[in-house]
Protein chains: 2
Amino acid sequence: MKQENRPHEMGLGKMSTILDIARLAGVAKSTVSRYLNGGSVGEATKKKIEQAISETGYTPNPFAQSLKAKKTNIIGTIVPRLDSYASSQTLIGLDEQLKQMNYQMLISNTSQSLEREIESIYSLANQKMAGIILLATEITDQHIEAFENVKVPVLLIGQEHPDFHSLIHDDFHAGYEMGRYVLGKGYRKIAYLGVTERDISVGVKRKQGFKKAIQEVEDCEVRFYETLFKIPAAQASAREILQEFKPSIFVCATDNIAMGVLKASYSEGMTVPKDMGVTGFGGYDVTEIIHPGLTTAKFFYKEAGEKAARQIVELLHERPVEKVTISHFEIIERESVDNLFQRRL
Amino acid sequence: MKQENRPHEMGLGKMSTILDIARLAGVAKSTVSRYLNGGSVGEATKKKIEQAISETGYTPNPFAQSLKAKKTNIIGTIVPRLDSYASSQTLIGLDEQLKQMNYQMLISNTSQSLEREIESIYSLANQKMAGIILLATEITDQHIEAFENVKVPVLLIGQEHPDFHSLIHDDFHAGYEMGRYVLGKGYRKIAYLGVTERDISVGVKRKQGFKKAIQEVEDCEVRFYETLFKIPAAQASAREILQEFKPSIFVCATDNIAMGVLKASYSEGMTVPKDMGVTGFGGYDVTEIIHPGLTTAKFFYKEAGEKAARQIVELLHERPVEKVTISHFEIIERESVDNLFQRRL
DNA sequence: CTGAAAGCGCTTACAG
DNA sequence: CTGAAAGCGCTTACAG
């Protein structure tokens with residue numbers, strides 16, 4: 001399969017078709033087709049067909065195949081953005097696993113437009129995708145309607161919804177453990193810098209988990225803030241909070257937000273972790289590169305992508321798949337958090 | 001086009017075909033087809049067809065279309081990796097521009113395997129891509145052979161080659177200007193940390209430009225080193241160089257390599273830029289996020305992607321396109337480089 | 001095991 | 001302006 005199948009003679013003439021192969025091998029088209037699709041073919045004819053195929057470098061026309069089959073072996077993946085660590089890693093995991101299972105992946109980038117997401121659902125369905133994977137941020141009624149209309153197997157990644165199968169990260173427990181971690185280090189004056197609650201996973205669950213940890217302890221002063229996903233916005237929010245609240249630590253709902261806080265702290269002349277602690281969620285590469293390294297709850301995007309690939313294929317085959325799968329996480333300790341107890345000694 | 005075309009009734013029955021539309025409108029299939037493809041259709045029939053289409057939510061089967069047309073309006077893009085700033089930005093630029101011109105983009109990720117690149121060329125051609133864009137790192141004889149065989153319009157991004165159209169970044173002049181910049185700041189003991197010369201753009205051209213700048217000045221001590229693209233490898237290389245050479249500045253062939261050098265300098269207890277300067281090439285987002293910010297030669301990947309999209313489409317239409325287009329760059333000054341002249345005062 | 005025929009949904013000359 | 005027919009390359013019952 002590695003070398004011999006390459007259409008070396010393609011440059012000479014036009015692409016060969018199944019009819020060419022049939023003629024060359026002296027058999028009927030249907031026999032060639034049967035050979036190609038693993039049907040029963042006699043040894044002798046098999047030989048002749050193989051010969052003809054390698055002579056011509058024949059390879060079936062996928063459009064003709066799909067036209068008959070009325071579907072492809074392509075999984076359409078809708079992704080809100082291409083330039084995020086989480087997206088890339090998830091896509092890589094999906095792609096590699098899908099390839100291994102002899103499926104193709106088609107990426108549809110929506111540039112963070114929910115409207116484009118809806119369009120993509122219809123468009124992918126129209127292109128006869130075998131299944132659709134949505135790297136979700138928000139599930140609206142329109143999403144639900146679209147998926148109902150197209151009737152293509154669907155898997156959500158990153159958000160869960162009662163109507164669909166989904167694979168999510170363990171945002172709640174990550175929030176909880178992060179809370180416990182921070183409290184365990186002695187921090188008691190905490191700014192939680194979150195995002196919109198329309199994003200259930202990032203905006204709600206992480207915060208809820210964190211709140212639970214807080215409730216297990218006494219006399220802890222916590223304030224909750226909301227900012228945007230982008231670094232400059234987070235930076236601006238942090239600057240304000242620094243004025244009005246002076247927290248001893250920022251617990252940020254994403255690594256990017258944490259980056260913004262770090263920038264704000266620099267520009268205010270503060271040193272992390274000496275003057276203030278910072279934590280994130282995500283486990284982006286950059287959290288390890290920077291100095292001080294960022295303490296964060298790392299999610300396993302690539303693995304999640306691989307798992308999702310296996311699940312969507314199960315779904316295609318109408319085999320049972322658990323409604324919601326929870327991918328794990330890990331608290332990574334780095335320099336951005338100090339041990340206040342130790343400091344007091 | 002926004003709302004009305006959506007196949008709301010799709011959920012009810014099977015997808016409708018051109019024949020359904022024809023019957024509903026009381027005309028022939030060919031007339032519907034002509035309407036769809038902008039041929040001449042009478043006002044009255046046009047109305048009826050439009051009515052039928054919006055009633056059914058009809059949308060043509062792309063496989064049937066491609067089967068006839070023997071090609072698609074999809075541009076296949078081969079990318080060595082998904083998780084790099086340069087790749088993502090380029091893809092975003094390509095995708096957005098292509099969409100605007102009514103083309104689709106299909107991404108083929110090769111995970112840095114040259115062999116997979118070759119396979120992708122054949123596979124994309126087999127899928128009747130209208131054109132192929134290769135985010136190139138290295139052009140081997142196999143690439144040339146493959147492209148000759150498939151006879152599909154091709155555009156290279158990032159590397160040039162006499163056989164193909166290409167869009168490259170101005171690596172030579174970026175190297176030159178970076179050299180001048182560093183010299184202008186008074187640095188005279190320089191470690192140039194480059195990469196393999198098999199990568200012409202990154203490994204050869206940047207270095208050549210830099211060398212040219214060096215030659216314009218006297219009594220400058222420069223040593224050239226080679227490392228890998230990954231941060232840990234660069235970090236290890238930097239540590240060694242720090243022992244044997246003690247440069248006053250590291251000029252790194254990529255931002256990632258510069259990140260490795262920064263990490264090495266931290267772990268050696270050095271402060272940038274006080275004890276040592278560092279520069280990169282690329283202009284990745286991370287260079288702005290970190291502290292100190294990294295001085296770098298910024299390339300415009302997204303713009304380059306957009307430009308490439310326009311060019312490949314020109315190529316499809318067999319319109320003239322300049323053989324090699326050079327995308328610009330900009331030296332971004334940040335804190336990782338000091339002014340040694342000023343310091344002496 | 002093998003082949004002839006019909007059909008997937010569309011487009012494209014060719015008549016009219 | 002409009003329609004009947006052929007054909008794109010493949011697969012799938014159906015006979016044999």
Side-chain angles (χ1 to χ4, degrees), chain A residues 7 10 13-53 56-74 123 125-130, chain B residues 5 7 10 13-53 56-74 104 123 125-130:
Chain A
M10 227 152 68
K14 49 201 290 295
M15 286 287 288
S16 43
T17 72
I18 199 170
L19 184 59
D20 299 327
I21 304 304
R23 282 209 263 254
L24 248 172
V27 299
K29 287 190 304 176
S30 38
T31 306
V32 179
S33 175
R34 227 175 290 115
Y35 165 81
L36 256 16
N37 295 293
S40 48
V41 186
E43 263 316 311
T45 35
K46 185 180 281 186
K47 281 274 184 301
K48 286 188 292 183
I49 293 174
E50 277 164 358
Q51 163 73 3
I53 287 178
T56 54
Y58 168 75
T59 155
N61 180 318
F63 297 110
Q65 289 181 310
S66 302
L67 179 56
K68 282 300 302 184
K70 300 206 166 198
K71 66 168 185 188
T72 62
N73 63 154
I74 307 177
S123 159
N126 185 234
Q127 291 178 78
K128 306 290 182 289
M129 298 290 118
Chain B
N5 237 8
M10 226 151 74
K14 49 201 289 296
M15 285 290 285
S16 43
T17 72
I18 199 170
L19 184 59
D20 299 327
I21 304 303
R23 282 209 263 254
L24 249 171
V27 299
K29 287 190 305 176
S30 37
T31 305
V32 179
S33 175
R34 227 175 291 116
Y35 166 80
L36 257 16
N37 295 292
S40 48
V41 187
E43 264 314 312
T45 35
K46 186 181 279 185
K47 283 272 182 302
K48 287 188 291 183
I49 293 173
E50 277 164 358
Q51 162 72 2
I53 288 178
T56 54
Y58 167 73
T59 154
N61 180 320
F63 297 111
Q65 290 180 310
S66 302
L67 180 56
K68 283 298 302 186
K70 299 206 164 195
K71 66 168 185 183
T72 62
N73 62 153
I74 307 176
Q104 255 202 90
S123 160
N126 185 233
Q127 289 177 79
K128 306 289 183 286
M129 298 291 117

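Lettering follows sequence order; numbering is per chain, from 1.
Here the C1' atom of nucleotide C/dT11 and the CD1 atom of B/Ile18 are 8 Å apart, to the nearest Å. Whole-Å rounding puts the A/Arg23 CZ to C/dA4 P distance at 12 Å. In this structure, B/Lys68 atom NZ and D/dG9 atom P are separated by 9 Å, rounded to whole Å. The NZ atom of B/Lys29 sits 7 Å away from the C1' atom of C/dG9 (whole-angstrom rounding). Computed from coordinates, the B/Leu67 CG to C/dG9 C1' distance equals 9 Å when rounded to whole Å. In this structure, the CD1 atom of A/Ile49 is 13 Å from the P atom of D/dC10, given to the nearest Å. Going from atom CZ of B/Arg34 over to atom P of D/dA4 covers 11 Å, rounded to whole Å. The interatomic distance linking A/Asn37 (CG) with C/dT2 (P) rounds to 15 Å, in whole Å.
Listed nucleotides: C/dC1, D/dG3, D/dT11. Nearest to the side chain of A/Ser40: C/dC1.
Nearest-nucleotide mapping onto DNA chain D: of B/Ala64 and B/Ala28, the residue sitting toward the 5' end is B/Ala28. Each of A/Gly42 and B/Val32 was matched to the nucleotide of DNA chain C holding its nearest heavy atom; the match closer to the 5' end belongs to A/Gly42.
Note on A/Thr45: only backbone sugar-phosphate atoms sit closer than 4.0 angstrom, heavy atoms only; bases stay farther off.
When the side-chain nitrogen and oxygen atoms of B/Gln65 are compared with OP1 and OP2 of C/dG9, none of them lie within a distance under 4.0 Å. The phosphate of C/dC10 (OP1 or OP2) has a side-chain N or O of B/Tyr58 nearer than 4.0 angstrom. OP1 and OP2 of D/dC10 both lie 4.0 Å or more from every side-chain N or O belonging to A/Ser33. Distances shorter than 4.0 Å separate none of the side-chain N or O atoms of A/Asn61 from OP1 or OP2 on D/dC8. Considering only side-chain N and O atoms, A/Lys70 lies under 4.0 angstrom from the phosphate OP1 or OP2 of C/dG9. Of the side-chain N and O atoms in A/Ser30, none sit less than 4.0 angstrom from OP1 or OP2 of C/dG3.
The heavy-atom pair separating B/Asn73 from B/Ala130 by the smallest distance is CA-CB, 4.4 Å. The two residues A/Ser40 and A/Arg34 have their closest heavy-atom pair at O-CD, 3.9 Å. Between B/Ile49 and B/Tyr35, the shortest heavy-atom contact is CG2-CD2, 3.6 Å. Counting all heavy atoms, side chain and backbone alike, A/Thr72 lies closest to B/Phe63 at CG2-CZ, 3.1 Å.
For C/dA15, the paired base is D/dT2 (Watson-Crick or G-U wobble, both distances below 3.5 Å).
Salt bridge annotation for B/Lys46-B/Glu50: absent, with no cationic side-chain nitrogen under 4.0 angstrom from a carboxylate oxygen.
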